[in-house]
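Here is the structure we will look at.
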Amino acid sequence: MKFLIWIFLLFTYISVAQSDKPFVSDFLLEDELTSGNLLSDYEQYDFSNVWKKTSNEVIFGIIGEDHQRIRIKLLSINKNPEKPNEYNVYGKSMVKETVCDFFGIITIKKIKEVKRLHFGVDNEYKNKGIKKQGILIAEYSFDENAQQKHSGVFNGNLYSKWYLNKNDKMEYDDIQSISDSYTNNAFIGIWKSYSTDKEKVCNWADWRVPNSNQDFDIGAGEFNVSEKYWKKGWLDIALKNQARNGAIVREKSDKKMKEWWE
């Protein structure tokens, strides 16, 4: 029995690793990674800055096979001083009008460097003192407040691009953001309901939604959503992309608008 369980776990691991390959290839654009896991070499660095940089308005996510929109905001990320590859997270999620608090952990499992540094268009970053570039692969588990409606737990894998600057500080790698297919901080996993145990696909990332249906994102130069999915929370994206002549104007006010997570 133990042998059979071991064989099952082995094939499960291989299956997951193989399923990651197509995504990672697209995620990297044209970069190639060195072999081996350099996790221990990077334990001294704090990666929390990589996950906090992006404006929430360009973080897009889906939940369920119908690609209902989910919004995620990571409000606090702190490195665990006792476990150098672990980060404590507090944030909020919103689906339709339901907002939930969540607490959880990001655990870095792999660190890989790129074989050749990239410096952007016209080598814009060539003289900026970049020392290293690469990706990290982590596991995340975020538990929503069970006292709130429609709550559950998020689990999955996180893929992030980073670079080490001349001051030995980890930075969010947006050097290739001019590329049409650029994305970063890709959270790929599931959400499981506390009340029903039902699981739903739940993916989100910066600028693009990872592993979405082929007919979902119809944007070329930037993220856009096909009409089929507008009623699932994406109408504002469609309106924004179709009204580039200033036809849609927000009312001007000196008062700061309240964000959904505030």
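We find the NZ-NZ distance between Lys200 and Lys192 to be 14.5 Å, quoted to the nearest 0.5 Å. To the nearest 0.5 Å, atoms CG (Leu136) and CG (Asn85) are separated by 10.0 Å. A distance of 7.5 Å separates CD in Gln176 from CD in Gln133, rounded to the nearest 0.5 Å. Note that CD1 of Ile130 and CD of Glu171 are 9.0 Å apart. Values are rounded to the nearest 0.5 Å. Put simply, CG on Asp206 and CG on Asn185 are 4.5 Å apart, with the number rounded to the nearest 0.5 Å. Summarising the geometry, atom CD belonging to Glu82 is positioned 6.0 Å from atom CG belonging to Asn80; distances are rounded to the nearest 0.5 Å.
Scanning all heavy atoms of the two residues, the minimum distance from Ala138 to Ile106 falls at CB-CG2, 3.8 Å. Contact record, Ile175 with Gly120: CG2-N, 3.3 Å, taken as the closest heavy-atom pair. Taking both residues in full, the closest heavy atoms of Cys100 and Lys149 are given as SG-O, 3.4 Å, listed atom of the first, atom of the second, then distance. Asn184 approaches Asp173 most closely through the heavy-atom pair ND2-O, 3.4 Å. The nearest pair of heavy atoms linking Asn224 to Ala238 is OD1-CA, 4.1 Å.
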Start with the C-alpha distance between Lys112 and Leu38, add both sets of side-chain angles, then the distance that settles side chain to side chain contact (heavy atoms under 4.5 Å, CB included), and finish with yes or no. CA-CA 6 Å; Lys112 290 182 175 288; Leu38 302 175; over 6 Å; no
Run the side chain to side chain contact (heavy atoms under 4.5 Å, CB included) check on Leu117 and Lys131 step by step: do they pass? CA-CA 9 Å; Leu117 299 181; Lys131 294 181 176 181; over 6 Å; no
Check against side chain to side chain contact (heavy atoms under 4.5 Å, CB included), Glu113 and Leu33: CA-CA 6 Å; Glu113 296 174 352; Leu33 298 174; over 6 Å; no
Kindly determine whether Trp191 and Val95 satisfy side chain to side chain contact (heavy atoms under 4.5 Å, CB included), including the steps that lead there. CA-CA 12 Å; Trp191 174 86; Val95 178; over 6 Å; no
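In this structure, Tyr172 has no ring pair (Phe, Tyr, Trp, His ring centres under 6.0 Å) partners at least two apart in sequence or on a different chain. Residues satisfying the ring pair (Phe, Tyr, Trp, His ring centres under 6.0 Å) test with Trp51, not counting sequence neighbours, are Tyr87. In this structure, the ring pair (Phe, Tyr, Trp, His ring centres under 6.0 Å) partners of Tyr140, at least two apart in sequence or on a different chain, are Phe142, Phe187, Trp204.
Remark: side-chain polar atoms of Glu144 are paired, donor with acceptor, to backbone N or O of Gly152 under 3.5 angstrom. Asn203 places a side-chain N or O within donor-acceptor distance of the main-chain N or O of Gly189, the cut-off being under 3.5 Å. With hydrogens and angles disregarded, no donor-acceptor distance shorter than 3.5 Å links the side chain of His150 to the backbone of Thr98. Counting only distance, with no hydrogens or angles, the side chain of Ser55 and the backbone of Val58 share no donor-acceptor pair below 3.5 Å. Side chain of Asp143 to main chain of Gly104: no donor-acceptor pair is present (N/O by atom type, distance under 3.5 Å, no hydrogens or angles). Looking only at distances, a side-chain donor or acceptor of Asn145 sits under 3.5 Å from a matching main-chain atom of Gln147. A donor-acceptor distance shorter than 3.5 angstrom exists from the side chain of Ser151 to the backbone of Gln148, with no hydrogens or angles considered.
Surrounding CD of Glu259 are more than 12 heavy atoms belonging to other residues, nucleotides or ligands, all under 6.0 Å away. More than 12 heavy atoms of other shown residues, nucleotides or ligands fall within 6.0 angstrom of atom CD in Glu262. Within a 6.0 Å sphere centred on CG of Asn123, heavy atoms belonging to other residues, nucleotides or ligands number more than 12. Atom NZ of Lys132 sits in a sparse spot, with 12 or fewer heavy atoms from other residues, nucleotides or ligands closer than 6.0 Å. Heavy-atom contacts from other residues, nucleotides or ligands closer than 6.0 Å to CD of Gln44 number more than 12.
Considering only heavy atoms from C-beta on, Ile70 comes within 4.5 Å of Phe154 through its side chain. Between Tyr42 and Phe47, the closest side-chain pair of non-hydrogen atoms falls below 4.5 Å. A heavy-atom distance below 4.5 Å is not found between the side chains of Val201 and Ile63. Thr34 is not listed as a side-chain neighbour of Val114, based on a closest heavy-atom distance of 4.5 Å or more. Two residues are said to be in side-chain contact when any heavy atoms from C-beta on lie closer than 4.5 Å; Met170 and Asp46 fail this criterion. With a 4.5 Å cut-off on side-chain heavy atoms, Val225 and Phe216 count as touching. Using a 4.5 Å heavy-atom cutoff, the side chains of Phe102 and Leu74 are in contact. Side-chain atoms of Val89 and Ile105, non-hydrogen and from C-beta on, never get closer than 4.5 Å to each other.
Under a hydrophobic-cluster definition in which Ile, Leu, Val, Met, Phe, Trp and Tyr are linked whenever side-chain heavy atoms come within less than 4.5 Å, directly or via other members, Trp230 and Val209 are assigned to the same cluster. Hydrophobic clustering of Ile, Leu, Val, Met, Phe, Trp and Tyr side chains at less than 4.5 Å, counting indirect connections, unites Tyr125 with Ile135. In terms of hydrophobic clustering, with Ile, Leu, Val, Met, Phe, Trp and Tyr side chains grouped at heavy-atom distances under 4.5 Å, Leu39 and Val50 are assigned to a common cluster. If you chain together hydrophobic residues whose side chains sit under 4.5 Å apart, Trp260 and Ile62 never meet in one group. No single ILVMFWY cluster, assembled from side-chain heavy atoms under 4.5 Å apart, contains both Val153 and Leu75.
Of the residues Trp207, Tyr182, Trp234, the one that meets the ring-ring contact (aromatic ring centres under 6.0 Å, His included) test with Phe223 is Trp234. Here the rule is salt bridge (Lys or Arg N to Asp or Glu O under 4.0 Å) with Arg208, and of Asp180, Asp217, Asp26 only Asp217 fits it.
Using a 4.0 Å cut-off between charged side-chain N and carboxylate O, Asp66 and Lys232 make a salt bridge. The residues Lys53 and Asp174 are annotated as salt-bridged, a charged nitrogen and a carboxylate oxygen being separated by less than 4.0 angstrom. Salt-bridge annotation for Asp31 and Arg116: absent, with no side-chain N of the basic residue lying under 4.0 Å from a carboxylate O of the acidic one.
No hydrogens or angles considered: nothing links the side chains of Tyr90 and Asn78 as a donor-acceptor pair under 3.5 Å.
Note that Lys92 lies outside the cation-pi zone of Trp261, set by a 6.0 Å cut-off to the ring centre and a 45° limit from the axis. The side-chain tip of Lys161 points at the ring of Phe27 from less than 6.0 angstrom away and within 45° of straight on.
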